[in-house]
Structure formats: C-alpha cells, structure tokens
Amino acid sequence: MSSNNRNRFADRMAIITGAGSGIGQGVARHLALEGAKVICADIHEANAQATAVAAGPSAFAHRLDVTDETSWSALLDYVMRDFGRLDILVNSAGVSAGAPIDAMSLADWRRVMSINLDGAFLGTKLAIQMMKASGGSIVHVSSASGIKAAGGAAAYSASKAALCMLTRVAAKECRDQSWAIRVNAVCPAGVKTPMWTSMPFFNDIVQQMGSEEAAYSKLAADMGGKFAEVADVVAAILFLCSDESTFITGTDLLVDGGYVL
C-alpha cells in the first residue's frame with residue numbers, strides 16, 4: 001500500500017491497540033510513515049516494541065491490557081503528559097474462539113467479549129474525554145462476521161455486531177454534543193493475520209492442506225471469495241482517520257470483496 005501524501009498525518013497523535021501484529025501493526029507503521037506520532041499499544045510489550053522499531057523514530061511502544069481501565073488510564077495519562085493531545089484512536093485489538101454454541105465455554109465467550117467489546121468501550125470512553133476540546137477520529141476494527149452470521153463464531157460475531165452498534169451510538173453522542181469527533185468502523189471479511197494461527201480449526205486445515213496458503217485458499221473458497229491482505233484493511237482505516245473523510249461518521253465500512261452480498 002502506498003500513499004501520495006507522506007505528510008497526511010503530520011502533527012497528529014495516534015494510539016493503535018493490538019499494534020503488535022496483524023492489522024494493528026500495519027496501521028501503526030503506515031501512520032508513522034505518513035507523519036504521525038504513534039503509540040504502538042499491545043498486551044505483548046515485546047511485539048509492540050518490535051512494531052515501534054520497524055515504524056521508525058516517531059513510534060513508541062506501550063504495554064496495554066485493553067480489558068483493564070487502569071491500564072487504559074495509565075496509557076492516556078502518558079500520552080497527555082508527553083504529547084499533550086490525542087487525535088486518532090484505532091481499536092484493533094481482538095481475539096476469536098471458534099466453537100459451536102453448544103460446545104463453547106462461558107470462559108471463552110467472556111474472554112472474546114472482554115477484549116473485542118469491553119476493550120473498545122474503554123478506549124472510546126477515555127478517548128472521547130480527551131478529544132472533546134480539539135476533535136479527533138476513532139476507528140473500530142469490527143468484522144463482516146458482525147453483519148453476516150458465520151457458524152462456529154458466536155462469540156466473535158456477537159462481539160463485532162455489538163461493536164458496530166457501539167460505533168453508531170458513540171458517533172451520535174459526539175454529533176449531538178457538537179464535538180468534532182468522528183467514530184467509524186471497518187468490517188473486513190477474511191484477512192491473513194496471525195489470529196488465524198491461534199485457532200485449532202485453522203491449524204487442522206493447515207495439516208489437511210499442507211500449508212497456510214492452501215488453508216487460506218480453502219477458507220476463501222468456502223466464503224465465496226478470497227482473503228484480503230492486511231494492506232487492504234489498513235488503507236480503509238487510514239482513510240477514516242484522515243481529513244479525506246471529515247463528513248463520515250457512524251458508518252460501518254465493509255472491506256470484504258463482496259462477501260456479505
């Protein structure tokens with residue numbers, strides 16, 4: 001992915017959750033490349049540090065447990081103390097748990113909800129408090145699975161559907177208060193990220209097919225399309241973070257190659 005404007009985010013301060021890998025990592029790198037100061041936040045601090053190093057001198061690593069309000073408060077206190085403002089928040093941290101409803105544990109359900117939904121709520125709540133005076137853009141990484149039902153993904157799909165509604169409610173509240181804060185979501189379908197390799201059913205397919213690429217191809221065929229690359233989703237997120245989308249708020253931007261049609 002390339003941009004025609006290397007300074008599109010000059011003087012912007014951004015926090016990216018889940019920046020240690022996948023979509024969050026891609027967003028952090030490209031925001032830094034295009035001029036932003038970026039906090040690469042992840043519960044795995046070593047991964048966050050690796051992303052920050054790769055992104056360059058305007059990127060900084062910070063450990064963040066998105067499910068813990070104290071951890072969020074510490075991060076935002078650090079941002080205000082050292083940088084004085086927050087312009088962009090991308091809630092990209094997420095997990096999944098693949099199992100039919102009758103076989104899913106309550107612990108797995110709660111883990112997915114806590115990270116995917118509670119984490120985004122906490123970040124949005126505190127970011128709005130910081131952005132009231134000067135405005136900003138909040139982007140949630142939701143999923144096409146929050147719009148189109150997928151068997152075996154009850155917790156993931158429910159959390160992402162709720163995240164789309166959180167997006168709309170937050171956008172409406174900010175609009176009704178006349179705060180210059182926009183809140184949007186991107187909804188990718190299948191994307192090649194490390195999250196898949198943490199799921200037993202995917203590793204079973206890898207064993208059956210002989211490689212990860214073959215497993216992705218099989219899943220894509222089952223979905224009636226193809227898997228997106230991280231860069232496809234990053235481009236959509238950067239658009240929603242930028243001044244190119246100043247009249248867009250409360251939307252769910254599908255990045256799915258037509259999967260939900």
Side-chain angles (χ1 to χ4, degrees), residues 1-3 8-9 14-34 36 38-44 47-52 54-55 59 61-62 64 66 88-98 112 115-117 119-120 123-124 127 137-147 150 153 156-157 159-161 163-164 166-167 183-199 202 212 216 219-220 223 225-242 245 251-257 259-260:
M1 186 189 74
S2 62
S3 171
R8 184 163 48 152
F9 298 102
I15 294 174
I16 315 302
T17 75
S21 64
I23 294 169
Q25 182 182 73
V27 172
R29 288 182 174 181
H30 282 280
L31 278 172
L33 181 66
E34 296 191 32
V38 181
I39 304 298
C40 305
D42 200 286
I43 196 167
H44 302 292
N47 293 350
Q49 185 64 42
T51 298
H62 200 285
L64 172 68
V66 297
I88 294 167
L89 169 64
V90 179
N91 284 312
S92 183
V95 296
S96 186
V112 172
I115 294 170
N116 294 4
L117 185 56
T124 299
S137 176
I138 299 171
V139 180
H140 297 140
V141 179
S142 184
S143 172
S145 294
I147 298 171
Y156 184 76
S157 293
S159 71
K160 295 300 188 178
L163 186 55
C164 288
L166 174 66
T167 298
V183 189
N184 292 291
V186 293
C187 298
V191 186
K192 294 178 183 177
T193 69
M195 185 172 72
W196 288 98
T197 61
S198 69
M199 302 180 69
F202 180 78
E212 285 189 7
Y216 283 128
L219 286 173
M223 292 165 52
K226 66 177 183 177
F227 266 64
E229 299 294 337
V230 167
D232 298 320
V233 186
V234 170
I237 293 171
L238 265 60
F239 166 70
L240 291 174
C241 292
S242 75
S245 60
T251 194
D252 307 324
L253 179 57
L254 281 162
V255 188
D256 70 336
Y259 167 66
V260 304

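- Taking the side chain as every heavy atom from C-beta outward, Thr17 and Leu64 approach each other to under 4.5 Å.
- In this structure, OG in Ser92 is found 13.5 Å from CD1 in Ile15, a value given to the nearest 0.5 Å.
- Minimum interatomic distance between Ala59 and Ala52 (heavy atoms only, all atoms of both residues): CB-O, 3.7 Å.
- Across all non-hydrogen atoms, the minimal contact from Asp256 to Ala189 is CB-CB, 3.7 Å.
- Considering only heavy atoms from C-beta on, Leu238 comes within 4.5 Å of Arg8 through its side chain.
- The side-chain heavy atoms of His140 and Thr124, taken from C-beta on, include a pair separated by under 4.5 Å.
- Side-chain contact between Ser142 and Asp252: absent, with no pair of heavy atoms (C-beta onward) separated by less than 4.5 Å.
- Between the side chain of Lys160 and the backbone N or O of Ile147 there is no donor-acceptor pair closer than 3.5 Å.
- Formation of a donor-acceptor pair under 3.5 Å by the Ser159 side chain with backbone atoms of Leu117 is not found in this model.
- Between Ala28 and Thr51 the shortest heavy-atom distance is CB-CG2, 4.0 Å.
- When all heavy atoms are compared, the tightest approach of Val186 to Val233 is CG2-CG1, 4.3 Å.
- Phe9 is listed as a side-chain neighbour of Ile88, based on a closest heavy-atom distance under 4.5 Å.
- At least one donor-acceptor pair under 3.5 Å links the side chain of Ser137 to the backbone N or O of Leu240.
- Side-chain atoms of Leu253 and Asn184, non-hydrogen and from C-beta on, never get closer than 4.5 Å to each other.
- In terms of heavy atoms, Pro188 sits closest to Ile23 at CG-CD1, 4.5 Å.
- Of all the heavy atoms in Val66 and Ala93, the pair that sits closest is CG1-CB, 4.0 Å.
- From Cys187, atom SG reaches atom OH of Tyr259 across 12.5 Å, with rounding to the nearest 0.5 Å.
- Contact check for Asn91 versus Ile138: side-chain heavy atoms found under the 4.5 Å cut-off.
- By the 4.5 Å heavy-atom criterion applied to side chains, Cys241 and Val139 are counted as neighbours.
- Looking only at distances, no side-chain donor or acceptor of Asn47 sits under 3.5 Å from a matching main-chain atom of Gly20.
- The line from CD of Gln25 to NE2 of His30 is 10.0 Å long, rounded to the nearest 0.5 Å.
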